[in-house]
Protein chains: 2
Amino acid sequence: MNEIFLDQRSCQSCPIRHRAVCSKCEPDELQMLDRIKYYRHYDPGQPVVWAGDEMDFVASVVAGIATLSQTLEDGRTQMVGLLLPSDFLGRPGRVTAPYDVTATSALTLCCFRRKPFEKMLVETPSISQRLLEMTLDELDAARQWMLILGRKTAREKIASLLTIIAQREAALQRRAPTNGSSFELPLTREAMADYLGLTLETVSRQISALKRAGIIELEGKRFVTVPDFAALMDETGDDSDGGLPV
Amino acid sequence: MNEIFLDQRSCQSCPIRHRAVCSKCEPDELQMLDRIKYYRHYDPGQPVVWAGDEMDFVASVVAGIATLSQTLEDGRTQMVGLLLPSDFLGRPGRVTAPYDVTATSALTLCCFRRKPFEKMLVETPSISQRLLEMTLDELDAARQWMLILGRKTAREKIASLLTIIAQREAALQRRAPTNGSSFELPLTREAMADYLGLTLETVSRQISALKRAGIIELEGKRFVTVPDFAALMDETGDDSDGGLPV
DNA sequence: CGTGAAATTGAAGAGCGTCAACGTACGTGG
DNA sequence: CCACGTACGTTGACGCTCTTCAATTTCACG
């Protein structure tokens, strides 16, 4: 575990090439990134860094899922970030990690050594501009999330999370969520609870309630089918015109 | 109200010059910004834009306070941003406002016409780099806020908000909050409730409780004195080592 | 087939929301 | 100058949602 693969995989065939922080780079810029990058793999459940640790790299998520979370002194924890493939991890200019980072599934990171990356960031507008875009997107997502945490009921929270996951899954295949579409929940009930500011028991109860109401169907504990996507959206409490405009 | 002041105030004497999006600009860059900027004033309570409206400018807050908020279809609202002097409003590349923006106090904005600002952003690294820094700071703040919304009790939420305000007030005078320091609450009870995901009644009750416990003292309804800052921090539920490292 | 983590379900109670009444400060007009 | 209106804030009573604690079930994997 935690092996460092020294073979340089080609950026050309990289699955996150078109969305990651390097997506606006020219071939010569990719070549420079290549020199400061290395891959890291993590097993499911494995910590990437603990809050307070020094981090000598920033990274792109290539495959798998990572979570950012914060913990109060008595152990209550809140997830504050959910990193999917192409998302960026770390903050240029910052030495110490402010959050616990955990690999929720098998995780592959494309790591860049921090110091040289910071140097490139200053000299390479195509990187800093893409990072700005991505950070603004994350800020929007965080604000949607704040509305969920602050004002939604348990049922609405669950419906919102299912909607978000369904939309991201669909987006990977470059389409909108359709009736009858299904997906695998990438989170345990406890992780969903930490995402939504609930207990895992409440998460479980509300998922059962949505199943009983016919809003969702379950195969096993993780595989969800949504027979009528509009019906699920209705349960989120959101304004009907829904998401963020561009 | 909503008058447009056509006199170009000098950037040199601007009170937010050292922290705003233009803080890294050279004199010639400031001159270019000067050509696309204009000031706007808003009265307390006045809307700046509604969610869904077109916004033909982005802006820096020069003086006063603005809030960003979202509303569910049944009227529940959650504040998702609190803009103080030097904070940036708007997103380059976005036409439609995703949030309601309201002037909570008398508010002065330094507005930049959107199109030319976007052009400058691409051509002027000192602006895009500063905007990236500021956006990353806001993302950190949003994540702290998510912990408050998701996991803290009503009392901890109030204590956290008071701590945040005290620290910002102190930072304006370039010092840390001290015992006996006092400040004016810039928000109504209702605005505090929208910030914290509570009702205004709960906010009022918890403020009274903190007063009864001797953690804070009140003169009138808005003026707060904190006799022992560590005692207030203890009420936030945060880890003792506290805030975000740099 | 056995074992442990993950998930479900139930019962009881705390915390916060809801509804309602009342208090306080401030400005306006008779 | 005082009555009045309004916005803001406080306090109380009650009930619902979600948490807490506990027992049980399901499922993946050795």
Side-chain angles (χ1 to χ4, degrees), chain A residues 43-46 67 72 74-78 102 104-106 148-162 184-213 216-224 235 237, chain B residues 43-46 72 74-78 102 104-105 148-162 184-213 216-224 235 237:
Chain A
D43 293 328
Q46 206 184 349
T67 64
L72 297 176
D74 61 358
R76 284 171 287 173
T77 83
Q78 173 66 49
T102 311
T104 289
S105 67
I148 292 173
L149 289 172
R151 291 303 187 192
K152 290 194 178 180
T153 65
R155 173 185 266 245
E156 289 168 343
K157 284 179 174 180
I158 296 291
S160 299
L161 177 56
L162 293 177
E184 185 90 11
L185 282 174
L187 300 174
T188 65
R189 299 290 186 266
E190 186 177 17
M192 294 173 69
D194 286 344
Y195 186 110
L196 297 171
L198 297 170
T199 60
L200 63 91
E201 293 94 331
T202 300
V203 169
S204 182
R205 271 187 261 269
Q206 295 299 333
I207 288 181
S208 299
L210 287 176
K211 192 171 69 176
R212 250 179 282 121
I216 60 171
E217 291 156 17
L218 273 183
E219 261 175 275
K221 291 155 190 303
R222 297 290 192 91
F223 195 78
V224 179
E235 298 293 331
Chain B
D43 292 328
Q46 205 184 350
L72 297 175
D74 61 358
R76 284 172 286 174
T77 84
Q78 173 65 50
T102 310
T104 290
S105 67
I148 292 174
L149 289 172
R151 291 302 188 193
K152 291 194 178 181
T153 65
R155 174 186 264 243
E156 288 167 344
K157 285 179 174 181
I158 297 290
S160 299
L161 177 56
L162 293 177
E184 186 90 10
L185 282 175
L187 301 174
T188 65
R189 300 291 187 261
E190 186 178 18
M192 294 173 70
D194 285 344
Y195 187 109
L196 297 171
L198 297 170
T199 60
L200 63 91
E201 292 94 331
T202 300
V203 169
S204 182
R205 271 187 261 269
Q206 294 299 333
I207 288 180
S208 299
L210 287 176
K211 192 171 69 177
R212 250 179 282 122
I216 59 172
E217 291 156 15
L218 274 182
E219 260 175 275
K221 297 166 187 297
R222 297 289 192 92
F223 195 77
V224 179
E235 298 292 331

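In the text below, chain A, chain B and the rest are named by the order of the sequence lines, each starting its count at 1. Predicted model only: the values in this text are computed from it and were never measured. What you see below is based on every heavy atom in this structure, not just the backbone, and it leaves out hydrogens, waters and symmetry mates.
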By side chain to side chain donor-acceptor pair (under 3.5 Å), A:T77 pairs with (sequence neighbours left out) A:D194

In short, B:A193 meets B:L200 closest at the heavy-atom pair CB-N, 3.6 Å

Contacts of B:Q206 meeting side chain to side chain donor-acceptor pair (under 3.5 Å) (sequence neighbours excluded), chain-then-number -> none

Checklist entry - Is there side-chain contact between A:L162 and A:E235, with heavy atoms separated by less than 4.5 Å? => result no

Outermost contacting nts on DNA chain D, any atom under 4.0 Å from chain B heavy atoms, listed 5' then 3', are D:dG9 to D:dA13

Per-helix bend value, the helix from C:dC1-D:dG30 to C:dG30-D:dC1, C1' rotation axes over five pairs per end, 10° rounding, shows 30°

A:L185 and A:L187: CA distance, side-chain angles, deciding distance, side chain to side chain contact (heavy atoms under 4.5 Å, CB included) verdict:
CA-CA 5 Å; A:L185 282 174; A:L187 300 174; 5.7 Å; no

Protein heavy-atom contacts under 4.0 Å, written 5' to 3' over nucleotides 2-17 of chain C as B (base), S (sugar-phosphate only) or - (none), form the string -----SBBBB----SS

By side chain to side chain contact (heavy atoms under 4.5 Å, CB included), B:E201 pairs with (sequence neighbours left out) B:T199, B:R205

Which of B:T153, B:L210, B:T202 passes side chain to side chain contact (heavy atoms under 4.5 Å, CB included) with B:I158? Answer is B:L210

- Message: Can you confirm whether B:L149 sits close enough to A:I148 that some side-chain heavy atom of one is under 4.5 Å from a side-chain heavy atom of the other?
- Response: no

Correct closest heavy-atom pair for A:Q46 and A:D43 would be OE1-N, 2.7 Å

In terms of heavy-atom contacts, A:P186 and A:R222 come closest through C-NH1, 4.3 Å

